[in-house]
Amino acid sequence: MNKNTRKRNVVIGCLASAALLFAVIVGSEIVTGVSGKKIDTSEGLEIIHKAEDSNVTAIETKIQKLEKKESSGEETRSLKERFASTAVFGDEVTEGFIEYDVLNVSSVISGTGMEWKEQVAKLKEVNPKVVFVAYCANDILDSEGDTEAYIKKYRKRVEEIREALPDASIFVNSLLDVNSAAVSVEKQYKKLEDYNQELREMCDKMQIGFTDNSALTLTQYYEEDGIHFKSGFYPVWAERMAEVASL
């Protein structure tokens with residue numbers, strides 16, 4: 001609805017209200033003529049004028065605020081609404097979206113306690129338009145520093161997702177960084193940047209989106225293990241994905 005249509009509707013609504021009140025007053029005047037009693041209608045007329053002024057002003061103010069919000073591009077939908085046709089697919093790192101009530105259960109398909117084929121079947125059942133693949137830093141440990149072997153495994157995952165959902169847009173999240181406490185326990189984490197560079201190149205070759213999350217992993221978001229994240233991280237991460245996919 002455009003600006004002129006809104007204002008026209010406002011005017012019509014206000015006039016209708018005023019007409020109704022005016023009809024009541026006129027009716028009172030008729031009754032006066034019949035009964036011979038004098039009824040003071042000045043108060044009623046004053047109410048009409050005040051109602052017209054206050055209603056129009058209040059409603060126009062609301063319209064102006066709404067138009068300002070629309071023109072500024074400010075997002076009014078919740079993250080759950082924006083991810084209604086999107087699935088975040090991966091390992092235990094994705095579970096925080098459900099645990100902290102950031103996204104709906106149907107928007108998160110975690111592989112924890114689920115076989116790979118079962119996870120892909122679940123994804124196909126949900127049938128999202130957009131899929132974000134997300135794995136935590138622990139995912140690299142089995143590769144023992146061999147980035148080539150890791151990318152080969154990751155590419156196979158994406159190919160199976162693409163086969164299950166040929167019309168979906170696929171985005172690969174960068175491996176989320178860890179803090180120094182985690183690196184002191186597991187030296188392989190030092191190569192996370194190398195793994196992410198390989199993932200980026202893989203996405204370029206497969207012509208799918210790559211979501212760089214390196215700016216999101218701030219110190220205050222880490223749990224004590226330096227790998228997993230506190231509740232405050234998940235809305236920030238979801239906003240990042242929504243921005244990349246224009247959700």
Side-chain angles (χ1 to χ4, degrees), residues 77 79-98 102-177 188 191-217 229 233-234 236-247:
R77 295 171 300 157
L79 284 168
K80 289 181 179 180
E81 290 173 318
R82 294 161 72 185
F83 276 77
S85 300
T86 299
V88 182
F89 179 97
D91 60 9
E92 74 268 16
V93 74
T94 65
E95 293 177 358
F97 290 114
I98 298 174
V102 176
L103 300 179
N104 289 320
V105 174
S106 59
S107 294
V108 182
I109 303 175
S110 170
T112 304
M114 190 184 299
E115 295 292 334
W116 169 256
K117 289 184 178 180
E118 184 182 356
Q119 189 179 7
V120 174
K122 179 66 176 177
L123 180 66
K124 190 173 183 179
E125 179 185 332
V126 173
N127 193 29
K129 294 179 181 178
V130 179
V131 179
F132 277 96
V133 187
Y135 288 88
C136 72
N138 284 341
D139 195 50
I140 71 171
L141 299 182
D142 288 343
S143 67
E144 298 181 345
D146 187 343
T147 56
E148 186 176 341
Y150 179 77
I151 294 301
K152 184 178 179 180
K153 177 183 176 181
Y154 208 112
R155 185 185 183 100
K156 188 173 185 299
R157 289 171 177 164
V158 175
E159 287 172 345
E160 291 189 32
I161 293 171
R162 179 180 272 174
E163 184 179 347
L165 297 171
D167 297 324
S169 298
I170 301 174
F171 295 83
V172 169
N173 276 282
S174 64
L175 293 163
L176 298 171
D177 207 355
Q188 283 194 64
K191 293 189 67 177
L192 273 173
E193 188 174 339
D194 295 336
Y195 279 88
N196 277 326
Q197 181 57 37
E198 292 291 334
L199 279 176
R200 185 189 294 273
E201 293 176 9
M202 179 200 78
C203 290
D204 287 343
K205 291 175 182 177
M206 298 184 76
Q207 296 185 331
I208 59 176
F210 178 78
T211 307
D212 185 355
N213 299 307
S214 58
L216 305 184
T217 49
F229 297 92
F233 175 71
Y234 285 90
V236 176
W237 187 13
E239 285 285 358
R240 172 60 178 158
M241 288 188 279
E243 176 190 1
V244 170
S246 300
L247 299 182

- Query: Are Arg240 and Asn173 close enough, and set up right, to give a side chain to side chain contact (heavy atoms under 4.5 Å, CB included), and what steps lead you there?
  - Reply: CA-CA 10 Å; Arg240 172 60 178 158; Asn173 276 282; over 6 Å; no
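- With sequence neighbours excluded, the residues satisfying ring-ring contact (aromatic ring centres under 6.0 Å, His included) with Phe171 are Phe132.
- With hydrogens and angles disregarded, no donor-acceptor distance shorter than 3.5 Å links the side chain of Arg82 to the backbone of Glu239.
- Contact record, Asp146 with Tyr195: N-OH, 3.5 Å, taken as the closest heavy-atom pair.
- Rounding to the nearest 0.5 Å gives a distance of 4.0 Å between CG of Asn213 and OG of Ser174.
- Remark: the backbone N or O of Thr94 is not paired with any side-chain donor or acceptor of Ser110 at under 3.5 angstrom.
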- side chain to side chain contact (heavy atoms under 4.5 Å, CB included) assessment of Tyr135 paired with Leu199: CA-CA 12 Å; Tyr135 288 88; Leu199 279 176; over 6 Å; no
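- Salt-bridge annotation for Arg155 and Glu159: present, with a side-chain N of the basic residue lying under 4.0 Å from a carboxylate O of the acidic one.
- Heavy-atom minimum distance, Ala137 versus Leu176: CB-O, 3.8 Å.
- Within the 4.5 Å cutoff, no side-chain heavy atoms of Val120 are placed close to those of Glu163.
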Extract all donor-acceptor atom pairs below 3.5 Å that involve side chains of residues 83-93 and protein atoms in other chains or at least two apart in sequence.
residue, atom, partner, partner atom, Å
Asp91, OD1, Val93, N, 3.2
Asp91, OD1, Cys136, N, 3.3
Asp91, OD2, Cys136, N, 3.1

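- Once rounded to the nearest 0.5 Å, the distance linking CD1 of Ile140 with OH of Tyr154 reads 12.5 Å.
- A donor-acceptor contact shorter than 3.5 Å links the side chain of Gln119 to the backbone of Ile109.
- By the ring-ring contact (aromatic ring centres under 6.0 Å, His included) test, Phe229 pairs with Tyr222, Phe233, sequence neighbours left out.
- Between the side chain of Asp177 and the main chain of Ser214, no donor-acceptor pair closer than 3.5 Å is present.
- Side chain of Lys191 to backbone of Gly145: a donor-acceptor contact under 3.5 angstrom is found.
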- Residue pair Gln188, Leu141: steps toward the side chain to side chain contact (heavy atoms under 4.5 Å, CB included) verdict: CA-CA 7 Å; Gln188 283 194 64; Leu141 299 182; 4.2 Å; yes
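- The nearest pair of heavy atoms linking Tyr234 to Val102 is CB-CG2, 3.9 Å.
- Put simply, the residue from Arg162, Arg157, Lys156 that forms a side-chain contact (heavy atoms from CB on, under 4.5 Å) with Glu160 is Lys156.
- Judged purely by distance below 3.5 Å, without hydrogens or angles, the side chains of Glu193 and Gln197 never pair a donor atom with an acceptor atom.
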- Message: As a quick check of understanding, evaluate side chain to side chain contact (heavy atoms under 4.5 Å, CB included) for Met202 and Lys205, giving each step before the final call.
- Response: CA-CA 5 Å; Met202 179 200 78; Lys205 291 175 182 177; 5.9 Å; no
